[in-house]
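Scroll down for the structure; my scribbles are underneath it.
Residue numbers begin at 1 in each chain, while the letters A, B, ... track the order of the sequences. No experiment lies behind these values; they were computed from the predicted model shown.
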Number of protein chains: 4
Amino acid sequence: MPTPRSLVDKFCPVRSKRERRKEARPGELLAAALDLFVEKGFAATRSEEVAARAGVSKGTLFLYFPSKEELFKAVIMENLGGRFTEWNAEFEAFEGTTAEMLRYCMNVWWERVGLTKASGLTKLMMSEGGNFPDLAEFYREQVVRPGHDLLRRILQRGIDRGEFAPVDIDHAIYSVIAPMVFLMLWKHSAMVCVDGESALDPEKFLATQAETVLYGLSVRPGDKA
Amino acid sequence: MPTPRSLVDKFCPVRSKRERRKEARPGELLAAALDLFVEKGFAATRSEEVAARAGVSKGTLFLYFPSKEELFKAVIMENLGGRFTEWNAEFEAFEGTTAEMLRYCMNVWWERVGLTKASGLTKLMMSEGGNFPDLAEFYREQVVRPGHDLLRRILQRGIDRGEFAPVDIDHAIYSVIAPMVFLMLWKHSAMVCVDGESALDPEKFLATQAETVLYGLSVRPGDKA
Amino acid sequence: MPTPRSLVDKFCPVRSKRERRKEARPGELLAAALDLFVEKGFAATRSEEVAARAGVSKGTLFLYFPSKEELFKAVIMENLGGRFTEWNAEFEAFEGTTAEMLRYCMNVWWERVGLTKASGLTKLMMSEGGNFPDLAEFYREQVVRPGHDLLRRILQRGIDRGEFAPVDIDHAIYSVIAPMVFLMLWKHSAMVCVDGESALDPEKFLATQAETVLYGLSVRPGDKA
Amino acid sequence: MPTPRSLVDKFCPVRSKRERRKEARPGELLAAALDLFVEKGFAATRSEEVAARAGVSKGTLFLYFPSKEELFKAVIMENLGGRFTEWNAEFEAFEGTTAEMLRYCMNVWWERVGLTKASGLTKLMMSEGGNFPDLAEFYREQVVRPGHDLLRRILQRGIDRGEFAPVDIDHAIYSVIAPMVFLMLWKHSAMVCVDGESALDPEKFLATQAETVLYGLSVRPGDKA
DNA sequence: TATGAATGAGATTTCATTCAT
DNA sequence: GATGAATGAAATCTCATTCAT
C-alpha cells in the first residue's frame, strides 16, 4: 500500500507530470531511506543522501517527513509494522494443522521479510536501538509486539487443538523467533565470512530449526496431561 | 575480570606504585573502551568518555592510541585477536577424541568469550562493520580468519583420524560458528524481547547445537569412504 | 475592524462576488499580515502562515507582494503611512484652540492607532528595525517624518497664534510623542508584568501627559516674548 | 563577580598565558554576547558571530555554554539577575526618607542599567520574549520578579513609616517601573527619531516621573487613614 | 490568476583530534 | 608524560522564494 489515493483520483487518470511525481514522492523517499538505512545504519545515514537517492533536494525530504526519526518510523511501518493486519488475517483464515501453519509462517516470513531489505531493519534496531530509545520503543510496539502476538496465537491454537504439548508459550515463542532473528543478522553481516560467500544455507537452516521446534512441541506418550 | 594484563606484566611483578600506574594506563584505557564500545557502539562512543572512565584526560588517550580506530583495534587484539596463539597452543596439546575437542571448544568459547564483554565486539562488528571498512578488514584478518583456521584444524583432525565423515569443511565450519554468533547477538540485543526476560538458555542451546553438528559429522555405515 | 478597505472600494460597491473576492485579496493578505507581524514579529512570521490566514496559498502571496519586506511596507502604508493625507486634512480643517487640537490629536491617535493592532507596528519597528535597515528607513520616511511634521504644524500654529510659548519645537515634539510611544510598547509587552493584569490606565495616563505637556507649553506672565 | 576563583588560585599568581585566557573566556564570551544580543536581538545573533567577537572559534563557545539559550540566560544573570542580592543589601542598609530612597533607586538604576547595554536586554525580552517562552519565563523569574519585590519593599517601607499614603502597592509599582521601561526602549530605538539625535533628556524625564509618582504617594490632609 | 512542490542557503550543535603548557 | 582548551568539519532542519502547471 504505497500512497492511498482518493476515489476522485481513481477516476481522473489525466495527470500532470508534477502531480504524478508528487504522489510518487513519499514512496520514492521511503524506498531510498530503506536502502540507505539498511546499508549504513540510522545514525550514519545522512538525510541529504536519502533525498539525493530519491532524486530530490534536502528540503523536499522534510516536506514529507518532519524529521529523520519520523522518516525511519515511516520506513518501519511501510515494511514491517503496517503489514501485520494483512498477515494476521492470513493466519486467521489458515486451514490445516498447526504444524503446517508454523512451517508456513517461517517460510513466508523468510520470503517476505528475511530475503528482503526489510530484514535489515531488524538488524539495525538491534545495533542502534540503544542509542535511539524513541525508535526502539516504536519498533517494539509496532513490530516486536505484533510479531509475538501472532506467534502466540499460532502456538495457542496448536495447544488448544491438542496438536502441541501445553508448553510455556512465551518460552516457545523465542525458539521460533531465534533462528529468524539470527538469519537476519547473519545476512546483513559480511563480517563472519572470511572471503566472499557464506556457506550457510538459510532455507535449510530454517527448515531444520522448524523441525527442532516442532519436535519440542510434539505431544509424546508419557507426557503428563 | 578486572583489567587483563599482558604477559610482560605477569612475570615482572615488582614495581613502584608510580611505574605500575603508568604501565597500567593502556590496560585501563582498553578496559574502559571495551565497556563503552560494547555498551554504545563504536560510532556512538565518545573518545572523551573512554578517557574519563579510565580516569585520564582526553589528551592521554591520544597519547597511547593515535586514533579512535586504533584504540578499537587494540581492544580487539587484547580481547580476541591476540589470544589465538594461546588458544591454538591449547588445542595443539589437546588429547582425546575430536568430538570431545569440538565440545570443549564450544564450551570454553562460551566461558571465555560468549559470557564476557568480548562477545559484544562481534555483535558490534556485525552492526557497524559496514560503516568502518578498515575496522571490518582488521577484524576479519585478526579474528575471523584465525577462528576459522582453528576450527578447520579441528575438523581436519577428525576427518584425518577417521572420526568424522569427510564433509565439506568450509561448510561445516559455519555450522559450528552459527550458534556461537547467534548467542553473541542474542545476548547483546534487548531489542527482540517485548518485556524483560529472554527465554533462551544459552548453555543448553549450545550443547544441543554441538550434538546436532556432531551428528552431521558422524561417520555412519553406508557413507562412502 | 474587519478588513480596512481602500477609498476606491468605498465608492464602487456594486461587484460580482467573484470580482469582489479578487479585489479583496490584497486586503485580506494585509489584514492577515498585520495580525501575524504584530503577534510574532517580522522575522518570526512565516510567509506561508500569512497566506494561510488569508485563505490563499503561499504562491498567491508572492503574486501580490514581491517579498516579505514589501508586504510589510504595504502593511505600514495601509495602517499608518497612507493615512496621513486624511489626518493632515482633518487637522487643516480643525477649528478651536490649539490646546484643544493637541488634546484631540492625542485622543484620536489613541482611538485610531494606540488601541488598534497598528500600534504593534511601532513596537515592532522599535524591536526589529535594527535588523532590517530598509524597513527602518521606510518606516521613518513614511510614518515618523509625517507624524513629526503634523505635530510640528500643530505646535507652530499654537506659537503663531500666541497660545503657546515659543519653545524649541523639535524638543516639544518628543514630549508629545513619548507618552504615545510608551503606551504602544506597554500594550504589546506582557514581559514586564509578573502576573497577569497591568495596572496602567492608558486613557488616564495619556490625559495626564497631555496636560503636563500643555502646561509646559503655556504662556506664563514673565516669559520673555 | 566575573569568574569565581578558588583560594588556591588566589595565592598562585604565576599563570601561563593559556590559563589566563581560560579564566577570561567566559567573561569575554558574555561580553561579546551582550553586545551582539543587544545590537541584533536574540534570534538574529549567530552563535558563530558571538564566538568570533570574543576571538574564539564556534566550538569554543559551546565549551562554556551548552546552547545559545543558556548563553543568553548567563548574560541575563551576569548583567541583571545576579545583581539583585547586592542591590537588595544596599537598600536594606539605606538610611533616609523613603522618598529619597525611591529617587535614589531610580537614579542608580539609570546609572547601572539604563545607561548601560544591560538596558538592551529588557528591550530584547519585550521584543522577542513571545518567540522564546523559556527565556521569557527565565527573565520573569530572575529579573522581573526580584525587581518588583525590591520596589514593593521600598513602597511598603514608606507606607509602614507613614511617609506614603496606603496605596495599592501593585499598582504603584507599575508607576515606578513604567518610565524606566520606557527609557530602555526609547534608548534602543533609533526608530522614533527622524534624523539623528533624540530630543528627549532621560535624566530630566526620569526626575519628572519620580516626582509625579511621589506626589501620587504623598500623604495629604483629608486622606482617610 | 492561483497553486503548492521544490529548492538551497544558512543556523545550531557535536566531537575527534591537536598542541601549548 | 599528562593535560584540557581550542578547533572546525559535518549533520539536521527551516523557510523565503521560484516556477511548472
Note to self: Does a side-chain N or O of S47(B) approach OP1 or OP2 of dC15(E) to a distance below 4.0 Å, or not?
What the structure shows: no
Margin query: To check you understand the geometry: which heavy-atom pair defines the closest contact between G41(A) and T45(A), and what is its length?
Written below: O-OG1, 2.6 Å
Notebook entry, point to check: Taking only residues two or more places apart in sequence or in another chain, which ones pass salt bridge (Lys or Arg N to Asp or Glu O under 4.0 Å) with E48(A)?
Noted result: none
Note to self: Whole angstroms only, please: what is the CG-C1' distance between L36(A) and dT12(F)?
What the structure shows: 16 Å
Checklist line | Pairs meeting criterion ring-ring contact (aromatic ring centres under 6.0 Å, His included) with involvement of residues 44-78 of chain A, two or more places apart | finding: F37(A)-F72(A), F42(A)-F72(A)
Notebook entry, point to check: Is there side-chain contact between L71(C) and L30(C), with heavy atoms separated by less than 4.5 Å?
Noted result: yes
Checklist line | Approximate separation, where rounding is to 0.5 Å, of R53(D) CZ and L34(D) CG | finding: 10.0 Å
Next item on the list: Write down the distance between CG (N131(C)) and C1' (dA11(E)), rounded to a whole number of angstrom.
Entry: 15 Å
Check: Below 4.0 angstrom, N of the basic side chain to O of the carboxylate: do K40(C) and E128(D) qualify?
Finding: no
Check: Can you tell me how far CE of M126(D) sits from OH of Y139(D), rounded to the nearest 0.5 angstrom?
Finding: 8.5 Å
Next item on the list: Return the set of residues passing salt bridge (Lys or Arg N to Asp or Glu O under 4.0 Å) with K73(B) (not counting sequence neighbours), or none when no residue passes.
Entry: E70(B)
Next item on the list: May I ask you to say what T60(B) touches in the nucleic acid, namely base, sugar-phosphate or nothing, with a heavy-atom cut-off under 4.0 Å?
Entry: base
Notebook entry, point to check: Near DNA chain F, which residues from residues 61-71 of chain D have a heavy atom under 4.0 Å away?
Noted result: L63(D), Y64(D)
Check: So, for V38(B) and K117(B), which heavy atoms are closest and what is the spacing to 0.1 Å?
Finding: CG2-O, 3.4 Å
Item checked: F72(D) CZ - dT12(E) P separation (whole Å) -> 14 Å
Note to self: Output the rounded distance in Å from CD (E48(B)) to P (dT3(F)).
What the structure shows: 12 Å
Notebook entry, point to check: For the pair made of CZ in R46(D) and C1' in dT14(F), what is the distance, rounded to whole Å?
Noted result: 16 Å
Item checked: Watson-Crick or G-U pairs under 3.5 Å in DNA chain E, rendered as dot-bracket with [ ] for crossing pairs and | for another strand -> .||||||||||||||||||||
Margin query: Give the residues of residues 49-58 of chain D touching DNA chain F, defined as any heavy atom closer than 4.0 Å, sorted by residue number.
Written below: V56(D), S57(D), K58(D)
Notebook entry, point to check: In whole Å, what is the span from the CD atom of E28(A) to the P atom of dA5(E)?
Noted result: 14 Å
Check: Going by an N to O cut-off under 4.0 Å, is there a salt bridge joining K58(C) and E49(C)?
Finding: no
